[in-house]
There are 2 protein chains.
Amino acid sequence: MTTLNRPGTPAGHVCGIDTAMEVIGGKWKVLILWALHEHPCRRFGELRRLIPGITEKVLASHMRELEADGVVHRVAYDVVPPRVEYSLTEDGKRLNDALQPLAAWGRERAAG
Amino acid sequence: MTTLNRPGTPAGHVCGIDTAMEVIGGKWKVLILWALHEHPCRRFGELRRLIPGITEKVLASHMRELEADGVVHRVAYDVVPPRVEYSLTEDGKRLNDALQPLAAWGRERAAG
DNA sequence: GTGGGTGGTTACCCCGAGGTGAGCAAGCAC
DNA sequence: GTGCTTGCTCACCTCGGGGTAACCACCCAC
């Protein structure tokens with residue numbers, strides 16, 4: 001979701017949901033967040049296997065964006081073969097918590 | 001967000017966030033929901049004015065989708081000039097409630 | 001030497017969400 | 001007759017997020 005950035009926009013500026021939507025707006029981001037919530041500290045390949053259908057390119061770019069947004073922490077070990085571990089930051093954990101009611105709404109609707 | 005629909009996908013199927021994301025995935029949907037939360041029962045033109053930047057075409061298509069998803073209720077009066085009123089359904093109100101923690105997270109982050 | 005495993009990058013393409021601008025129905029005011 | 005109003009629809013175009021495939025470094029096992 002491209003930012004709205006309209007200083008005079010009351011709804012867009014006050015509600016704060018658009019801020020959150022910019023972070024979780026990618027196609028697979030909530031799934032990545034969820035996977036890291038259920039399986040803390042996963043490697044790149046493990047994440048890819050946890051999220052069937054995602055390609056390496058998209059996973060890599062999403063992880064870079066999530067890291068830049070400060071919700072995911074990345075640790076790279078300088079070994080061969082490469083080893084990189086991802087985990088949620090405190091902010092990422094709080095974001096995940098904030099997503100729980102939404103998940104509950106979705107589950108309720110899916111069950112309904 | 002296109003659906004993932006992979007029966008064997010544990011994360012995608014269990015977490016239910018993807019279900020919610022399909023409903024709120026449009027660029028302006030959360031803003032529409034928010035506007036209807038703060039100003040119940042608004043007309044088309046009022047909504048457009050409440051959400052600066054949105055075009056009529058996109059507002060119309062988003063409203064149709066939200067109505068089809070059962071979160072928005074639409075009443076059209078057969079008069080000239082046309083009069084159409086939109087409001088949140090019970091499900092829409094619950095969706096909005098589920099979005100509040102996310103909004104709080106966004107506000108907190110925007111406040112730095 | 002060849003193949004596999006790891007975590008990527010690069011180049012390329014495609015499709016669809018969203019933006020642009022016009023038009024329309026029908027009644028009223030002037 | 002002209003213009004204003006409202007809630008759209010239609011045709012057209014753009015742009016970028018995401019998908020596809022190939023390639024890379026570096027070491028090990030066979």
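Below, chains carry the letters A, B, ... as their sequence lines are ordered, and counting in each starts from 1.
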Heavy-atom closest contact (A:Val58 atom, A:Ser61 atom, distance): O-OG, 3.0 Å
Value in whole Å for how far the P atom of C:dA17 lies from CG of B:Leu66: 14 Å
Under-4.0 Å side-chain N/O to phosphate OP1/OP2 contact, A:Arg64 with C:dT9: yes
Pair B:Arg48 + B:Glu56, salt bridge at N-O below 4.0 Å: yes
Atom pair CD (B:Glu108) and CG (A:Asp91), whose distance is rounded to the nearest 0.5 Å: 7.5 Å
Residue pair B:Arg109 / A:Val23, side-chain heavy-atom distance below 4.5 Å: yes
Rounded distance (Å) that lies between atom P of C:dA17 and atom CD of B:Glu22: 12 Å
Smallest separation among heavy atoms of A:Asn96 and A:Leu33, with atom names: ND2-O, 2.9 Å
Rounded distance in Å - CG (A:Leu59) to P (C:dG8): 8 Å
Taking only nitrogen or oxygen atoms into account, show me every contact under 3.5 Å that the protein makes with nucleotides 2-6 of chain C, one pair per line with its distance.
unit_1 : atom_1 : unit_2  : atom_2 : d
C:dT6  : O3'    : A:Arg43 : NH2    : 3.0
C:dT6  : O3'    : A:Pro82 : O      : 2.9

Side chain to side chain, B:Val75 and B:Val84, heavy atoms closer than 4.5 Å: no
Separation of D:dG7 P from B:Ile51 CD1 (nearest whole Å): 14 Å
Any donor-acceptor N or O pair under 3.5 Å, side chains B:Tyr86, B:Glu67: no
Pairwise side-chain contact, B:Pro101 with A:Pro101, heavy-atom cut-off 4.5 Å (strictly under): yes
Interatomic distance, A:Arg42 CZ vs C:dG7 C1' [rounded to whole Å]: 17 Å
Can you tabulate the close N/O pairs, meaning under 3.5 Å, that link protein atoms to atoms of nucleotides 18-20 of chain D?
unit_1 : atom_1 : unit_2  : atom_2 : d
D:dG18 : OP1    : A:Lys27 : N      : 2.6
D:dG18 : OP2    : A:His62 : NE2    : 3.2
D:dG18 : N7     : A:Lys57 : NZ     : 3.4
D:dG19 : OP1    : A:Lys27 : NZ     : 2.9
D:dG19 : OP2    : A:Trp28 : NE1    : 3.4
D:dG19 : N7     : A:Lys57 : NZ     : 3.2
D:dG19 : O6     : A:Lys57 : NZ     : 2.3

Rounded distance [0.5 Å steps], CZ in A:Phe44 versus CZ in A:Arg49: 10.5 Å
Sugar-phosphate, base or nothing in reach of B:Tyr86, heavy atoms under 4.0 Å: sugar-phosphate
Length of the line joining B:Glu56:CD and C:dG23:C1', which is rounded to integer Å: 12 Å
